[in-house]
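Each remark here refers to the structure printed beneath this line.
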Amino acid sequence: MKKNDWKDRLNVVYSTNPDFAYETEDCEEPETLPQNAQKLRVRIEKNHRGGKTVTIVSGFIGSEGDLKELSKLLKTKCGVGGSVKDGELLIQGEFKEKVVELLKKEGYTRTK
């Protein structure tokens, strides 16, 4: 059975060839580095957020699934919401010290 997802065929107008294979760009996710090799940076930001404070964790190198797993752990331990955008963890509120402490407990020793 052919995979016929319309999102994979965006920007292709029409093909009369029944054996035509739509080419999609599949980028491979980078391999997740060990926890002690990750250089994570934690910062607080208020800009462009309607006055709300957000704690941002950047510098994670690895798969999207591992990043979401780390995000879930931090959000649970802090008791707040957040998200993952553009390879960065966004945690609602000002939790810089707590996040750094939690990351170091999890084995991310090169965290600032």
Write out all pairs satisfying side-chain hydrogen bond (donor to acceptor under 3.5 Å, both in side chains) with one or both partners inside residues 96-106, taking only residues at least two apart or from two chains.
none

For Lys75 and Gly81 the tightest heavy-atom approach is CD-C, 3.7 Å

Which hydrophobic side chains are connected to Val54, either touching it within the sub-4.5 Å cutoff or through other members that do?
Ile56, Leu90

Which Ile, Leu, Val, Met, Phe, Trp or Tyr residues join Leu33 in one cluster when any pair of side-chain heavy atoms under 4.5 Å counts as a link?
Ile61

Cut-off 3.5 Å, side chains only: do Thr109 and Asn36 have a donor facing an acceptor?
no

I'd like to check the side chain to side chain contact (heavy atoms under 4.5 Å, CB included) partners of Thr53; sequence neighbours left out, ordered by chain and number.
Ile44, Lys46, Glu94

Sequence-distant partners of Ser71, side chain to side chain donor-acceptor pair (under 3.5 Å), two or more places apart:
none

Under a single-linkage rule joining Ile, Leu, Val, Met, Phe, Trp and Tyr whose side-chain heavy atoms are separated by less than 4.5 Å, which residues share a cluster with Leu67?
Leu40, Val42, Val57, Phe60, Leu70, Leu73, Leu74, Val80, Val84, Leu89, Ile91, Phe95, Val99, Val100, Leu102, Leu103, Tyr108

Those residues that, when tested against Asn47, pass side chain to side chain contact (heavy atoms under 4.5 Å, CB included) (two or more places apart)
none

At what distance, to the nearest 0.5 angstrom, does CD of Gln92 lie from OG of Ser83?
7.5 Å

The reported gap from NZ in Lys112 to CZ in Arg41 (rounded to nearest 0.5 angstrom) is 5.0 Å

Give a yes or no on this: more than 12 heavy atoms of other residues, nucleotides or ligands lie within 6.0 Å of atom NZ of Lys77.
no

What residues, two or more places apart in sequence or in another chain, satisfy salt bridge (Lys or Arg N to Asp or Glu O under 4.0 Å) together with Glu45?
Arg43, Arg49

